[in-house]
Amino acid sequence: MGLVPAPFSTATGTDIRVRFCPSPTGTPHVGLIRTALFNWAYARHTGGKLIFRIEDTDAERDSEVSYLQLIDAMRWLNLDWDEGVELGGPHAPYRQSQRTDIYLGVIQQLKAAGHLYESFATAEEIEARNVANGRDPKQGYDNFERDLTEVERGAYRAEGRQPALRLRVPDTDLGFDDLVRGEITFPAGSFSDFVVVRPNGAPLYTFVNPVDDALMGITHVLRGEDLLSSTPRQIALYTALIEIGVADFVPRFGHLPYVLGEGNKKLSKRDPESNLFHHRDRGFIPEGLVNYLSLLGWSRTHDRDVFSIVELVKAFDVVDVNPNPARFDVKKAESINGDHIRLLPVNEFARRLVPYLGGLIKDDADTLLLLKAAPLVQERMQLLGEAQALLSFLFTADDALEFDADALPGAEGAEVLDAALTVLPGVEWTTEAIEAALRAELIEARGIKPRLAFGPLRTAISGKRISPPLFESMELLGRESTLARLAKLRAAL
RNA sequence: GGCCCCAUCGUAUAGUGGCCUAGUACGCCGCCCUCUCACGGCGGUAACACGGGUUCGAAUCCCGUUGGGGUCACCA
């Protein structure tokens, strides 16, 4: 059958050039970001370059808001790039909407060399033609305009029709060695000549994507599995580009597995879990999310799945990526995030908490208090968003504190509160002294079970059934507030 | 439907012919620790889709079946 002899890239080290080239539509999807991450990690691992390009050739769907969100996402996750939007580089501009002239030039060359031909048929006509010929309408275009004569083209134009441009694809098998899947061959005839330029002259993704990859010297294309079927078409285009001198080689391809949601369906854009910022809003930290995302189709070792981004870069190789689709498991993601939260230096942890505290931190005193409280909650959280429920009592006025209904004490409440109110005024105000005094009075002297003794006190000071450790919390709150809150709950019983 | 991809515990994975009576992590269950919730510790549950080959030996190689997914756009 004979493959088209395509000279694939031989880059293996610092000459590697990968790219991230999203379309700015909608909010960043976790699958898209996983693709960005793998490209980034591969560039950093090999010492190569990451190019960040924007594919905004569809004015109908593209938006500036979406573009800004992509930048935001990359920066938030600390995925930096070497050339591209916001940064420039030798192949600028990096937004396809600004590269029209470049495409026009390539189109002219390709057309002059006979690789592109004019196609006047509409979708309806193509389908009618298939039906008439007893062909499966799903078979698509049958290349029937490949050899239209000048007279025939003139006739179409006389009707006022403008032609789309199609690439003449070679009539041979087309194959490549996929970095994650191995040898893949598409038999000749698996696909037909495809449109690369609209009748209005606007080039399509199928054209601009490989053309830019060629122009920008991309050596490795790591992208979603959904693009696997279009790879032979792109190789066909590459072959033509090489012939006219626009490209020197065909990149290596690596098709990354899908990121699935619940069940067996692709994580849809409508699903909140697919939205990167949804996870940020809930309190994922970049370290945790990057770690988890890297585990979707890849693993570092057989026995450790919590690691730093440095360790990721050191170990990452695209050939180790697993070809089967992965499900996004929120529970696992949260667990890993919790591990990374615990890995943060406590000052850093406190600093990152601030945006999740709903404006609770208003001055230096609040900041100081937060710093003292941070160690109490750092190991009890998986998401930064959990902080507010745990810590808000420290930043609430005594008379404004509300007691949750499910936290209200039972029969022993009054005795416990009265006893605490009696002992606490006289103790030294440290965690140790408070605990010693309360244990002596409630547990030892009165024989109350710890659980029952401390529950009402917890409710009194925090208003909740669940809180940071009790005695530490009292110390942070101060004697005055503590006593006021105990009295308030006592009065409410 | 044509073509292509995929197939290990519920989930993510380790495994590249013998180290596998299949390892790890999350989840789940139990116990310990314990002022709540967590963290931590200990133990448990649970998988090679099926059928043929090849081989002294297969989760690992080959073929087929089944199942899932993608793609066949003048979207990207």
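Quick caveat, the model's predicted, so the values are computed rather than measured.
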Report which part of the nucleic acid [X] touches: base, sugar-phosphate, or nothing (heavy-atom distance under 4.0 Å, all strands).
X	value
A:G338	nothing
A:Y258	sugar-phosphate
A:S335	sugar-phosphate
A:E386	nothing
A:A59	nothing
A:F191	nothing
A:P469	base
A:L204	sugar-phosphate
A:T25	nothing
A:L390	nothing

Going by an N to O cut-off under 4.0 Å, is there a salt bridge joining [X] and [Y]?
X	Y	result
A:E125	A:R129	no
A:E415	A:R446	yes
A:K464	A:E402	no
A:E386	A:R282	no
A:E118	A:K111	yes
A:R53	A:D213	yes
A:E225	A:R181	yes

With rounding to whole Å, what would you report as the distance between [N] and [M] at their [atom1] atoms?
N	M	atom1	result
B:C3	B:A59	C1'	29 Å
B:G30	B:U13	C1'	26 Å
B:A14	B:G51	P	25 Å
B:A47	B:C42	P	24 Å
B:A22	B:C62	C1'	23 Å
B:G43	B:C26	P	14 Å
B:G27	B:G40	P	10 Å
B:C31	B:U45	C1'	15 Å

Complement of [N], any strand, by Watson-Crick or G-U distances under 3.5 angstrom:
N	answer
B:U11	B:A25
B:G2	B:U71
B:C37	none
B:A46	none
B:G51	B:C63
B:U16	none

Return the nearest nucleotide to the side chain of [X]; candidates are [options].
X	options	answer
A:P450	B:C39, B:C35, B:A76	B:C35
A:I466	B:A12, B:C39, B:C37	B:C37
A:P323	B:C6, B:G40, B:A12	B:C6
A:R458	B:C5, B:G27, B:C35	B:C35
A:R198	B:G10, B:U13, B:C74	B:C74
A:E379	B:C3, B:C35, B:C39	B:C39
A:L228	B:C5, B:C72, B:A76	B:C5
A:F471	B:A12, B:A76, B:C35	B:C35
A:F454	B:G27, B:C35, B:C3	B:C35
A:K331	B:G27, B:C3, B:C35	B:G27

(request) Count the heavy atoms belonging to other residues, nucleotides or ligands that lie under 6.0 Å from CD of A:E273, then report whether that count exceeds 12. (result) yes
(request) Answer yes or no: are there more than 12 heavy-atom neighbours, outside A:D303 itself, under 6.0 Å from its atom CG? (result) yes
If only side-chain N and O atoms of [X] are considered, is one of them under 4.0 Å from the OP1 or OP2 phosphate oxygen of [N]?
X	N	answer
A:R61	B:C75	no
A:S229	B:G70	no
A:S299	B:U24	no
A:R451	B:U36	yes
A:R304	B:A14	no

Separation of atom [atom1] in [X] from atom [atom2] in [N], rounded to whole Å:
X	N	atom1	atom2	value
A:Q234	B:C4	CD	P	18 Å
A:E183	B:C4	CD	P	14 Å
A:K332	B:C28	NZ	P	13 Å

(message) On RNA chain B, compare the nucleotides closest to A:D56 and A:G140; which residue's is nearer the 5' end?
(response) A:G140
(message) Can you work out whether A:T206 or A:D339 has the more 5'-proximal nearest nucleotide on RNA chain B?
(response) A:D339
(message) When you measure only distances, ignoring hydrogens and angles, does the side chain of A:R181 come within 3.5 Å of the base of B:C5 through a donor and an acceptor?
(response) no
(request) Check whether the side chain of A:R380 and the base of B:C39 form a donor-acceptor pair under 3.5 Å. (result) no
